[in-house]
Protein chains: 2
Amino acid sequence: MASSLLRLPSLLAPAPALLCRGGRRLYAAPSAAVARLSAAATSTGASAAAPAQAEGARGGDREGQVTPRSADFNAWYTDVIAAAELADYGPVRGTMVIRPYGYAIWEAIQDYLNVKFKETGHSNMYFPQFIPYSFIEKEASHVEGFSPELALVTIGGGKELEEKLVVRPTSETIVNHMFTKWIQSYRDLPLMINQWANVTRWEMRTKPFIRTLEFLWQEGHTAHATLEEAEEEAMQMIDVYTKFSYEEAAIPVIPGRKSKVETFAGANRTYTIEAMMGDRKALQAGTSHNLGQNFSRAFETQFMDENGQLEHVWQTSWAISTRFVGGIIMTHGDDAGLMLPPRIAPIQVVIVPIWKKGDEKGVVMEAVASVQNTLKEAGIRVKVDDSELRTPGWKFNHYEMKGVPIRIEIGPRDVKNRSVVISRRDVPGKQGKEFGVSMEPSIMVDHIKGRLEEIQASLLQKAITFRDSNIVDVSSYGELKEAIAEGKWARGPWSASDADELKVKEETSATIRCFPFEQPEGTKKCFMTGNPADEVAIFAKSY
Amino acid sequence: MASSLLRLPSLLAPAPALLCRGGRRLYAAPSAAVARLSAAATSTGASAAAPAQAEGARGGDREGQVTPRSADFNAWYTDVIAAAELADYGPVRGTMVIRPYGYAIWEAIQDYLNVKFKETGHSNMYFPQFIPYSFIEKEASHVEGFSPELALVTIGGGKELEEKLVVRPTSETIVNHMFTKWIQSYRDLPLMINQWANVTRWEMRTKPFIRTLEFLWQEGHTAHATLEEAEEEAMQMIDVYTKFSYEEAAIPVIPGRKSKVETFAGANRTYTIEAMMGDRKALQAGTSHNLGQNFSRAFETQFMDENGQLEHVWQTSWAISTRFVGGIIMTHGDDAGLMLPPRIAPIQVVIVPIWKKGDEKGVVMEAVASVQNTLKEAGIRVKVDDSELRTPGWKFNHYEMKGVPIRIEIGPRDVKNRSVVISRRDVPGKQGKEFGVSMEPSIMVDHIKGRLEEIQASLLQKAITFRDSNIVDVSSYGELKEAIAEGKWARGPWSASDADELKVKEETSATIRCFPFEQPEGTKKCFMTGNPADEVAIFAKSY
């Protein structure tokens, strides 16, 4: 599976010049920008609807300001979600309203994956969300895994229902019920579908985007004639997710296989992509399951093979959800707010016009419109904020909070010089500013496109550096405990029992995130038992 | 509102040559194609999963065949849905599984509307589907309209809930709850959003696509500072729907205003687009509501205006659903199956290779690949069916059933002549065939694009002719009764009471579909009371 990494040479090798200019800023002190935002934001609807305030946790004088990331990562996270207008709490405990800016990030994820799913032979379709309760009970480990989290409809059209209906927590059961109708012969295979849908899991501890009572996702479901084909499909899809994470979201996930303990309820094997958040906790950002024949046996999904024999189909399922948006926030954000990788940023460039005297407005706005058109025609997602209700300073902070990769300022002097001022979101202060960038369309478009690519590469490189400096190779349980206590990930050879795995969880709160596909060479000895081990596992605390 | 019609000159005036060649075929006798399909379809998964059979209504010997449209319109409809693999029944009564081909039509609808919504200033977002029961009760007419149709979640995470949760039947209540948090000042207005979502209504009599327990839709919600702005918005969106219907779906809907009796539960005014189906029943295909201040008063959604006065916002909501797919089937389909307007057809051109001897295969497939690439590069949605499990004859019928607008046949003789054979789905038999169409890329692309446009225009023109020949102008209640008894729509001046309207419904089963925006000139006398009337209304039986 190193192949997914090898395909990304341009992103893994960012321009050397860039690395000198940028530098890490993950734990920077609260910027002056935030303080200024605080003063100006009083009248925005956004701040009044902040989750922090909906909970009554923070007072009025800090409206719009975010807690420094280094001071309290969790408070920072919910503050950013409020201040960048990504989401809000719904009226029912644990539910979330995804606001337009947060939803636009989800749409960028959808736009990319939807094309990849179709390219790899899948069709979209839609299954009902109400599942007869009896379906859930058919696959033994599935019911065990999901029954504590179910929402049940018991009344419909004013009447008590004869059979309770489950609001889908995932669709394997209803998918298999339908597949059983549609599949007769090997000629009907492979059957490869996907749906974009909402799902409901009655979670007790919730967190916006990361774990909510209802969330949005895509769920792929496939049926194949052989185990080998199903395994290839499950691997293909975790590879699609890995590529997306690196190339689009600039998140250097580690793809691998889940331990038996952590495998999906109903799967033979679960593949996962694990991402390191800014607080070094792990986030399971996507999964792909080889379901074997578990569901096809439970639902009698059979086909006639080429020799006229009836066989159960081999299946996969795979999913990425709105949780990924939380992963983007917690990977790239800093004290000034969100920081979006250009490829999935709803706004890649924001233009802020600057003028004082009335007679300056005309020429500035004319230049702004011209630059906007030039960039738009070049396929760059550009927004002009020409509101006269806000100062340029307020706007600077607002779009930093929203993580817009590049800001362009245009004032009367710039117009005279036929040039603009450019600021990079990922490089703070003067270092991130460029003066006198020519307005000449071909020069400016090349310049902006180049900078967007540099930012994309830089975000990924920073995240890789951060990740790699926080993974410790361990060869004893003591070393693991030490690494986990420091908040790091521990990687070491593992061939111990499920009971040992649960002991580690109890004693350290860390779980096996995955057996990574990329394994070190050489013979290995289990750090827990001293027995020979085939693979290293990665342990970490997780969301 | 005639403006929406005036914008479509090219579609309303199809090439005269075309009209001579095509001709109506809406009530044609069952074609030989269907009989042939029947014989070949036995082994497809599709036929076994046919709704008709799921209900046990039809036997095995007619597998894959559709009931003639003229014999039984309702049976024809469900047969086509099964045979064209558009949808299937879900396991819970009244639910529907939307299969890939049906979903692809919905995606075409989404792709068009999503762009138009954004162009008109709306952002997508997502609201939770679980609504506290108390919300539904806040707006008096809303609760009256929706409470009989609610699905209620009463158990979550294994526990009885303190407050029952409504699975959204529509989102006005939860939207207003959130708008109240986000809107403080006139500067926060207008607030214009949309969501693509599933909704649940506990319907007793269901029909695939047309009325299902759960369906997919988009629901737009906006808040404005003035009544005038809200009214303008409601009209703008019904205009977007009208334009979509004419230009993309080739359905000549009649836009107009609903009567008070038929207005949405919670709206001041409901605008609608009404479509005439092939059996001449009306289908409400989209609606746009001016909600006035009904929900803003119920939820205290207020803003500070420019003079510092607190005011309730003025609102709209508007929706189109997967019901529209049913409208497309019932407008254009014929005895051979579905007939799709090219602009929303998932497959615009299907290429069927024809060869007998093994040595012919190579040259034919090479030409097929070349034609496929040429069309694909020209932006035409093209599919090659090179399966060797099916005969060309089976494929002809299969893609006719699926309503693919154009079929291209390529055999050894065609390859020799550097030409192809083209068949139009909308013109049956030899009349719809063209031989010797050059394979030369630029000639072929122009030819195919031209034919697709002709088909698009022809489908619309046929539907307009059909509609207009089935609307009767009436000037007495007797005339209305006669028209309705003949299965037609009745149009006549109306200023009578709600009680009279309900009497018409009881006695004739017809309801006021709308007061059309396009009104005849001159003074009018109500056909029921003889009193002066400002407008004509359209009465019809409906789905």
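Convention: sequence-line order gives letters A, B, ...; per-chain numbering from 1.
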To the nearest 0.5 Å, what is the distance between CH2 on A/W196 and CD on B/E107?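 Going from the CH2 atom of A/W196 to the CD atom of B/E107 covers 10.5 Å.
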In Å and rounded to the nearest 0.5 Å, what is the OH to OG1 distance from B/Y126 to A/T95?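 Reported to 0.5 Å precision, the distance equals 10.0 Å.
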Flag the pair A/I155 / B/T154 as yes when at least one side-chain heavy-atom distance between them is below 4.5 Å, and no otherwise.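 Yes; the side chains approach each other to less than 4.5 Å.
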Side chains of A/V92 and B/L165: does their closest heavy-atom pair fall under 4.5 Å?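 They are in side-chain contact.
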Please answer whether the main-chain N or O of B/G157 pairs with a side-chain N or O of A/E149 as donor and acceptor at a distance below 3.5 Å.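 Absent.
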Quick check on [X] against chain A: is it the side chain, the backbone, both or neither that has a heavy atom closer than 4.5 Å?
X      : value
B/M178 : side chain
B/I174 : side chain
B/Q129 : both

Interchain contact, [X] with chain B, by part (heavy-atom threshold 4.5 Å):
X      : answer
A/P148 : backbone
A/L191 : neither
A/T322 : neither
A/F135 : side chain

For A/E163, is there an ion pair with B/R93 - N to carboxylate O distance below 4.0 angstrom?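 The answer is no: the pair does not qualify as a salt bridge.
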Is A/E144 atom CD crowded by more than 12 heavy atoms from other residues, nucleotides or ligands, each under 6.0 Å away?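 Counting neighbours around CD of A/E144, 12 or fewer heavy atoms of other residues, nucleotides or ligands fall under 6.0 Å, so no.
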B/P128 to A/G90 - nearest heavy-atom pair and separation: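 Result for this residue pair: CG-CA, 4.3 Å.
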Atom of A/V97, atom of B/M125 and distance for their closest heavy-atom approach: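 Here A/V97 and B/M125 meet closest at CG1-CE, 3.5 Å.
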List the steps, then state whether side-chain contact (heavy atoms from CB on, under 4.5 Å) holds for B/Y103 with A/N194. CA-CA 11 Å; B/Y103 197 84; A/N194 175 65; over 6 Å; no
Most heavy-atom pairs under 4.5 angstrom with chain B, which of [options]?
options                : answer
A/G102, A/A151, A/S123 : A/A151
A/F127, A/Y101, A/F130 : A/F130
A/T212, A/N124, A/L150 : A/N124

Before giving the answer on side-chain hydrogen bond (donor to acceptor under 3.5 Å, both in side chains), spell out for B/W182 and A/D88 the whole-Å C-alpha distance, their side-chain angles and the decisive distance to 0.1 Å. CA-CA 10 Å; B/W182 298 331; A/D88 205 341; 3.0 Å; yes
